[in-house]
Structures are given as structure tokens and as C-alpha cells.
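The block underneath contains the structure these notes are about, expressed in C-alpha cells.
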Amino acid sequence: LFRMENGSLPPKTEGFVSRMALNDNKAGMEGLDRDKINKIIMETSKGSKFYENELKREQQVNQRIEMMLQKEQITEQQLKKAQAQVERMVAELEESRDLTRAIVHVDMDAFYAAVEMRDCPELKDKPMAVGSMSMLSTSNYLARKYGVRAAMPGFIAKKLCPHLVIVPTNFDKYRAVSNEIREIFTDYDPGFMPVSLDEAYLDFTEHVEKRQSWPESLRTRRYRASTTTTGEESGKLAQEAAPGTPDLSPVLFEDSPSSSSNSEDAGDAFEIFGTSVEEAVREMRFRIEQKTMLTASAGIAPNMMLAKVCSDKNKPNGQYRLPPTREAVMEFVCDLPVRKVSGVGKVSEKLLSALGISSCSHLGQKMALLSLLFSETSWHHFLQVSLGLGSAFIPRHEERKSMSTERTFKEMSAVEEQLSLCHELCEDLANDLKKEGLKGKTVTLKLKNVNFEVKTRALTLPYPVATADEIFTVAKDLLKTERDNESPQPLRLRLMGVRVSAFVSSDHKKPLQRSIVGFLNSGRGESGSSQRAKQQHLKENSQLSSSSQIWPLGCQRARAKRLQLQAAAASTTQQAGLGTSPPPVSGKTDASGRCPDGGSPALVCPICLLSQDDDDLGMFNRHVDLCLN
DNA sequence: ACGCGAAGGACCC
DNA sequence: AGCCAGGGTCCTTCGCTT
């Protein structure tokens with residue numbers, strides 16, 4: 001039953017749910033008493049419904065591992081063949097390796113906690129976390145010493161650290177700060193990609209190019225206390241009524257390097273930054289700190305995947321640059337634990353660990369096997385990671401795909417109560433949808449019972465909905481179906497959520513009318529980065545036309561898919577207004593969502609770049625598929 | 001063989 | 001006292017229609 005060939009599998013303590021154990025993967029948790037912390041976590045959780053559910057899921061993963069290990073008995077020939085395949089692809093990927101970009105990942109340090117500490121000096125020397133008794137969003141570094149961290153329920157955190165101060169989240173405030181730092185990001189890459197309020201990817205390549213010819217004056221940044229600003233700063237600093245405190249950032253950690261230490265009298269103090277990427281990034285972080293009194297960490301690397309890992313390396317308040325050479329990349333990736341890679345979570349880590357894989361070099365060594373055990377997308381991703389590859393350009397920000405709202409509460413079994421809650425959720429959601437002028441055809445109801453089992457029930461309509469009543473009509477139906485399903489037993493809920501997706505690009509959403517080629521050519525940025533966009537376009541296109549069969553194929557498909565969807569969305573745009581007076585919802589509405597549009601712009605094939613005269617989407621799709629083959 | 005909708009999960013912050 | 005969030009994206013699998 002347990003074939004732990006290399007002692008990698010069960011951590012002997014049966015009943016120990018590894019899913020629940022402390023996750024000391026992240027920064028700020030070096031050298032703390034893991035065993036003691038895990039013991040407390042376990043004791044506090046034991047016997048709870050949550051714990052039971054985690055146990056169940058853990059066992060499911062274990063079964064998955066069993067099945068995988070069964071399959072591992074693969075013939076040598078198969079493995080050889082797979083190995084050859086892998087090697088071919090490695091060669092191909094190697095050829096496409098792009099080390100010319102300077103991708104930066106910026107990440108604010110303990111963001112929410114840092115903001116709260118900044119605004120409440122009493123908190124600075126106390127272990128604190130942001131969130132509630134039931135869930136913490138993040139903790140400061142003092143609290144992390146106790147094992148208190150994000151995604152940990154507050155009541156457990158209190159056991160670990162009785163003096164922990166828990167501050168409720170204040171999203172509006174974080175959003176405001178986020179806007180401030182994003183203004184700075186724009187100066188370095190107007191096409192930057194926000195990941196969350198406190199995190200973003202930037203492409204510094206062009207900024208650094210320009211920077212080479214900049215005079216010192218443009219690279220001079222003043223400390224906060226001064227009221228005048230340097231050239232590029234354009235008076236942004238002025239409007240922030242400085243509290244005048246000479247000591248700026250909150251004390252996040254005892255040994256804070258305090259980057260502002262080199263000039264004691266913050267009067268007219270300034271700093272001149274160099275022209276390298278590192279200097280540029282340092283400057284950006286400096287500006288963030290001056291502007292917000294909060295620190296950020298950053299990673300610099302040839303692609304997004306690596307940049308993300310790098311930003312964690314010298315956190316907090318630090319940065320790390322991975323040189324753009326194949327050697328440096330391979331060395332960096334060699335001992336990198338797979339878990340550090342974004343996208344590899346607890347489950348993947350465990351699955352891989354069962355195969356004796358914990359570092360990225362292991363990943364490379366066992367690639368042939370992985371290609372036989374995992375789905376194509378999965379092992380392709382693994383392969384990329386093992387080679388230190390990732391996206392060398394930052395994708396244009398895409399439209400949102402769904403919008404939802406959900407709420408957790410204490411057990412709720414009464415039908416009327418559930419209905420009124422459902423209605424409330426629909427109202428909230430409708431409100432949010434309205435803010436972005438969105439209408440979607442799919443409504444999804446999410447339910448979590450008191451045993452933490454989650455269910456989703458969805459229905460797709462032939463027309464888009466947006467108002468509370470429209471959504472509620474569907475949602476309450478889904479709820480009723482589910483209730484009937486459980487027949488005599490009531491639904492004992494602890495969470496309910498409503499989601500709307502399958503958006504039909506709502507009319508007045510201005511430009512999006514562009515043809516596909518327009519979309520391609522414009523890339524993500526506007527005029528400013530036109531040459532880059534063009535270059536990017538060419539790159540992508542050559543990648544597409546190289547009729548290589550393996551890895552890039554996946555890209556092509558995904559890409560073509562997106563483009564087809566884009567076209568679909570564009571062609572639907574015209575008749576979006578028709579959804580204003582929908583037929584009454586009666587259970588399964590089954591009309592065909594045909595859209596007999598008039599006068600959509602001629603579609604242009606993204607592959608051959610030839611305009612397709614017929615405006616029939618089906619024909620267009622077939623054409624694109626043809627082009628791909 | 002495809003495309004799509006539904007349901008369930010993994011993951012991220 | 002107190003028993004684990006909420007907002008997303010993407011992937012996989014399955015059943016059905018084309």
C-alpha cells in the first residue's frame with residue numbers, strides 16, 4: 001500500500017494531514033519551531049468538520065498517487081520513446097529561449113499588514129495580522145515568527161501567538177495605496193501587468209534602453225520631506241501631506257536595512273541612481289517607499305516565471321537579479337524547489353514528491369516519465385520550468401471572465417433564509433456587474449455545506465443577464481433543484497455564492513470593435529511601444545507559422561482559440577442591446593444562441609493574415625483551423 | 001473528432 | 001467562547017450534439 005521508494009511519501013505520523021501543516025515556503029519563516037507550531041495547529045483543528053474534510057481530500061490525493069504509481073510500470077521502450085520526444089522538444093524550446101528581456105516582478109512586503117502598521121504606530125512593535133478570527137489575509141514579520149501567516153484562521157493564530165493583534169481588512173485603503181504604486185509602475189512600463197493590489201509584472205527592457213542616455217538629473221530622486229520635485233516626478237509627491245516623520249517606513253523587521261539611512265537630515269537629501277536595470281529597479285522601489293512609506297521587493301529575470309521566484313529571494317525590502325545567460329538560469333533553476341514555482345501548489349508538490357521529485361533539476365531528469373503520467377499541458381509546463389523558461393513578454397491585460405460574490409455564515413438550513421440570502425447576493429452581484437457594464441449568459445450557484453463540501457450548479461441562458469432579478473430567477477431555480485435533490489434532508493449551508501460568466505461584450509464598451517489584426521498589431525500598449533508590439537507580433541507569428549508539431553502547437557491552439565473567442569465577442573457586440581427584454585426564465589431555456597448579426601467587420605485570419613470575406617463565424621473558425629494544420 | 005456546458009479542483013493573492 | 005475567506009483563472013473530465 002505504501003511504496004515509498006525513497007522515503008518521500010508519508011511523514012510517518014499517520015493522521016497527519018500534510019495539507020494542513022504550516023506552509024513555511026514563503027519568506028520570513030526561517031528557523032522557527034515547525035514541530036511545535038504544527039502540533040498546535042493540529043490540536044486546534046483536530047475533530048473539526050474542516051479537519052475531517054481535509055483528511056478526506058488528503059486521501060483522495062493519496063489515491064491519485066497510488067494510481068500514478070501503478071502506471072509507473074512502463075516499458076523501457078515506452079520510456080525511451082518518450083525520452084526521444086522530450087529531447088526533441090527540449091531542443092526546440094532551447095532554440096526559442098529569449099534572454100533579451102528584463103522582466104521585473106514587484107511585490108509589496110506584507111502589504112496589508114504594512115499599511116495598517118504605517119497608519120497605526122502602536123502596531124509597529126506588536127505581532128499583528130490583517131483579517132478576522134476566521135481568516136487572516138496576511139501577518140507582519142513579527143507575527144510570522146510565531147508561525148502566524150496568510151490563509152490561517154485567526155483563532156488558530158491566537159493559539160500560536162496569544163498577543164496577536166488582528167486588524168480588520170480595509171480594502172479601500174489598500175486599493176488607494178495600490179493606485180499610488182501603480183502610478184510609479186507606469187513610468188517604467190505603461191503596459192505593466194497587475195497581479196493583485198500589491199504585485200505586478202513589468203518589462204523594464206525599454207526603460208533601461210532609454211535610461212542609458214539619461215542625464216543624472218532624470219535619475220535623481222529626492223527624499224520625501226522635500227517639497228520640490230525633480231523633473232519626471234511632476235508634483236506627485238506634493239499632494240501627499242507628509243507627516244514629517246524622519247523615519248519613514250514602518251519597522252517591518254528588526255534588522256530592517258532602512259534604505260533611507262544614508263542621509264540623516266531628510267531636508268534636501270536626494271539620491272542619484274545609475275542606468276542599469278538593477279539601479280532602475282532600486283529607484284522604483286525607492287520611489288515607492290518615499291511615496292507610500294512602504295517597502296517592496298523585486299525580482300529581475302529574463303522571464304516572468306523566474307522574475308516571480310527572484311522577487312522572493314531577498315524579501316523583504318530587497319531585490320535580486322538573475323543574469324540573462326543560459327548558464328545562470330540553469331544554475332538558478334537547478335536546486336530550486338518545485339514548490340517555489342508559481343502554479344505548483346500543495347497537490348502537485350505531493351504528486352511530484354511521490355516520484356522522487358522535489359527540485360527543478362529532478363523535474364528535468366524525470367521528464368520522460370512525467371510526459372507519460374501527466375496531461376500534455378501539465379508536463380509541458382513542467383518541462384518549461386525545468387529549463388528555466390517562461391513568458392519573456394508580458395501579456396496584454398485580458399478582459400475579466402467572470403464576476404462573483406460569496407458569503408460564509410453560520411449554519412443555515414431554513415429555506416426562506418437561504419432564499420433571502422440568495423437574493424441579497426444577486427443584488428450585490430448585479431451592483432458590481434453594473435459598475436463594469438457587464439452582462440453574462442451563465443449563472444453559477446455555489447454551495448458549501450457544513451461539512452465543507454462544495455458544489456456548484458450552473459445554467460447557461462441564450463441571452464445575457466445583469467440585473468438582480470434576472471440573476472435571482474436563475475439562481476433560486478438552481479437552489480431549488482439542489483434542495484429537491486437532497487430531498488428530505490435540508491441543505492445545511494455554511495456558504496453561498498453567485499457567479500455570472502460568459503460575458504457578451506456589452507455594447508458601449510468602446511473600442512473593442514477592432515478587427516483581429518488591429519488587435520494583434522496594437523499588442524498591449526498603445527503608441528508608445530509600437531515597435532516592440534510589432535516585433536512581438538512578428539515573433540508570435542513566426543512561432544505560429546513554424547509548423548512544428550509539438551510544444552508550440554499547444555500555444556497555437558490556445559492562441560487561435562483566444563482569437564476565435566475574441567472574434568466571437570466582437571461579432572456579438574452589435575446585438576448585445578437585444579438582451580434588454582429577455583423572455584421569462586422557465587427552467588431549461590434551450591434556444592440556440594444564434595446571433596444573426598448585420599455588418600460585422602470582415603474577419604481577418606490571424607495566421608495567414610488574409611481577410612475572410614464571409615462574416616460567418618463558423619466558416620471563419622474552420623478557416624483558422626485549416627490554417628493551423 | 002469537435003465544441004460546449006457543467007462540475008470539480010488546483011492555485012494565486 | 002469561538003471550529004478555516006473571498007475574488008479570480010485555468011485545467012480536466014464527462015456527456016451530448018454535430
Side-chain angles (χ1 to χ4, degrees), chain A residues 19-20 26 41 43-54 57 60-61 64 107-108 110-112 130-138 149-159 169 171 174 178 194-200 308 339 341-351 374-378 380-381 398-411 425 428-429 432 441-448 450-461 478 482 494-499 501-502 554 557-558 561-562 564-565 568 588 590 592-593 618 621-622 625:
Chain A
R19 304 177 52 85
M20 293 192 66
K26 290 296 174 198
I41 294 178
E43 282 169 0
T44 315
S45 312
K46 193 98 80 175
S48 68
K49 295 287 191 184
F50 179 81
Y51 177 86
E52 298 299 325
N53 190 253
E54 287 298 290
R57 292 175 62 181
Q60 284 169 7
V61 173
R64 225 174 121 183
D107 193 348
M108 299 296 289
F111 188 47
Y112 297 174
V130 178
S132 69
M133 224 32 168
S134 56
M135 187 53 62
L136 303 180
S137 288
T138 189
R149 52 162 303 126
M152 177 181 278
F155 69 91
I156 289 180
K158 279 281 199 182
K159 294 248 158 114
T169 52
F171 273 104
Y174 314 142
S178 183
V195 180
S196 59
L197 289 184
D198 77 311
E199 212 177 293
K308 167 89 189 184
R339 186 60 222 272
V341 177
S342 176
V344 179
K346 279 177 188 182
V347 173
S348 300
E349 178 187 33
K350 198 171 173 185
L351 293 180
F374 287 82
S375 73
E376 195 174 73
T377 22
S378 290
H380 281 175
H381 180 243
E398 306 241 347
E399 309 296 320
R400 76 151 69 233
K401 306 265 174 38
S402 70
M403 188 180 272
S404 68
T405 180
E406 68 188 54
R407 220 152 288 159
T408 296
F409 36 77
K410 58 185 196 336
E411 172 165 358
L425 289 168
D428 291 355
L429 181 55
D432 293 344
K441 292 194 294 184
T442 303
V443 175
T444 305
L445 179 73
K446 177 176 171 182
L447 302 173
K448 177 149 66 178
V450 290
N451 293 320
F452 288 87
E453 293 159 343
V454 179
K455 271 181 191 158
T456 60
R457 295 291 176 254
L459 181 62
T460 299
L461 307 159
L478 292 168
E482 204 45 37
R494 82 167 343 259
L495 164 307
M496 188 187 294
V498 183
R499 173 165 70 238
S501 55
R557 296 243 165 262
K561 181 85 221 147
R562 261 185 326 198
Q564 286 179 346
L565 288 174
K588 306 259 186 239
D590 216 341
S592 67
N621 280 343
R622 274 191 289 281
D625 282 335

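All heavy atoms count here, side chains included; hydrogens, waters and symmetry mates do not. In what follows, every chain begins at residue 1, and chains take the letters A, B, ... in the order their sequences are listed.
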Is there a donor-acceptor pair closer than 3.5 Å between any side-chain N or O of [X] and the backbone N or O of [Y]?
| X | Y | result |
| --- | --- | --- |
| A:Ser45 | A:Ile41 | yes |
| A:Lys49 | A:Asn451 | no |
| A:Arg339 | A:Val344 | yes |
| A:Ser404 | A:Arg499 | no |

What residues, two or more places apart in sequence or in another chain, satisfy side-chain contact (heavy atoms from CB on, under 4.5 Å) together with A:Ala200?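 Partners of A:Ala200 by the side-chain contact (heavy atoms from CB on, under 4.5 Å) criterion, ordered by chain and then number, come out as A:Phe185, A:Phe192, A:Leu202.
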d([atom1], [X]; [atom2], [N]) in whole Å:
| X | N | atom1 | atom2 | value |
| --- | --- | --- | --- | --- |
| A:Leu445 | B:dG8 | CG | P | 12 Å |
| A:Lys350 | B:dG9 | NZ | P | 16 Å |
| A:Lys441 | B:dG5 | NZ | P | 7 Å |
| A:Asn451 | C:dC3 | CG | P | 15 Å |
| A:Lys346 | B:dG9 | NZ | C1' | 14 Å |
| A:Arg149 | B:dC13 | CZ | P | 10 Å |

Could you verify whether a donor N or O on one side chain and an acceptor N or O on the other, from A:Ser402 and A:Ser501, lie under 3.5 Å apart?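 No, because no side-chain N or O of A:Ser402 sits under 3.5 Å from a partner of the opposite role on A:Ser501.
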Would you say A:Ser378 and A:Ser375 are linked by a side-chain donor-acceptor pair, where the criterion is simply a distance under 3.5 Å?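 Yes - a donor-acceptor pair under 3.5 Å links their side chains.
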Need to verify one output field. Residue with the more 5' nearest nucleotide on DNA chain B, A:Leu478 or A:Leu197?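 Looking at DNA chain B, the more 5' nearest nucleotide goes with A:Leu478.
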Both A:Thr442 and A:Arg57 contact DNA chain B. Which one's nearest nucleotide lies toward the 5' end?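 Checking each residue's closest nucleotide, the 5'-ward one belongs to A:Thr442.
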Report the nucleotide, chosen from [options], that has the shortest atom-to-atom distance to any side-chain atom of [X].
| X | options | result |
| --- | --- | --- |
| A:Glu199 | B:dG8, B:dC13, B:dA10 | B:dC13 |
| A:Val347 | B:dA7, B:dC12, B:dC11 | B:dC11 |
| A:Gln60 | B:dA7, B:dC12, B:dG9 | B:dG9 |

Tell me what [X] touches on the nucleic acid: a base, only sugar-phosphate, or nothing, going by heavy atoms under 4.0 Å.
| X | value |
| --- | --- |
| A:Glu54 | nothing |
| A:Val341 | sugar-phosphate |
| A:Lys158 | nothing |

Evaluate the criterion side-chain contact (heavy atoms from CB on, under 4.5 Å) for residue pair A:Leu136 and A:Tyr112; output intermediate values, then yes/no. CA-CA 10 Å; A:Leu136 303 180; A:Tyr112 297 174; over 6 Å; no
Residues which pass side chain to side chain donor-acceptor pair (under 3.5 Å) with A:Ser132, listed by chain and number, not counting sequence neighbours: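 Counting only residues at least two positions away or on another chain, A:Ser132 forms a side chain to side chain donor-acceptor pair (under 3.5 Å) with A:Ser134.
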Which residues pass the side chain to side chain donor-acceptor pair (under 3.5 Å) test with A:Arg57, not counting sequence neighbours?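 Here no residue qualifies.
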Please report the C-alpha distance between A:Leu425 and A:Glu406 in whole Å, then the side-chain angles of each, then the deciding distance to 0.1 Å, and finally whether the side-chain contact (heavy atoms from CB on, under 4.5 Å) criterion is met. CA-CA 7 Å; A:Leu425 289 168; A:Glu406 68 188 54; 5.7 Å; no
Starting at the 5' end of DNA chain C, write a dot or bracket for each base, bracketing those in Watson-Crick or G-U wobble pairs whose two distances are under 3.5 Å and using | for partners on another strand. .....|||||||||||.|
Spell out protein contact along nucleotides 4-13 of chain C as letters: B when the base is contacted, S when just the sugar-phosphate is, - when no protein heavy atom is under 4.0 Å; keep the 5' to 3' order. BBBSSSSSS-
Mind listing the N/O atom pairs, protein and nucleotides 15-18 of chain C, below 3.5 Å?
none

Using the C1' atom in both, what is the distance from B:dC2 to C:dT13, to the nearest Å?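 Result for the C1' pair: 15 Å, nearest Å.
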What interatomic distance, in whole Å, is found between P of C:dC4 and the corresponding atom of B:dC13?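 B:dC13 and C:dC4 have their P atoms separated by 24 Å.
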Going through the distances and angles, do A:Phe111 and A:Leu197 end up as a side-chain contact (heavy atoms from CB on, under 4.5 Å)? CA-CA 9 Å; A:Phe111 188 47; A:Leu197 289 184; 4.1 Å; yes
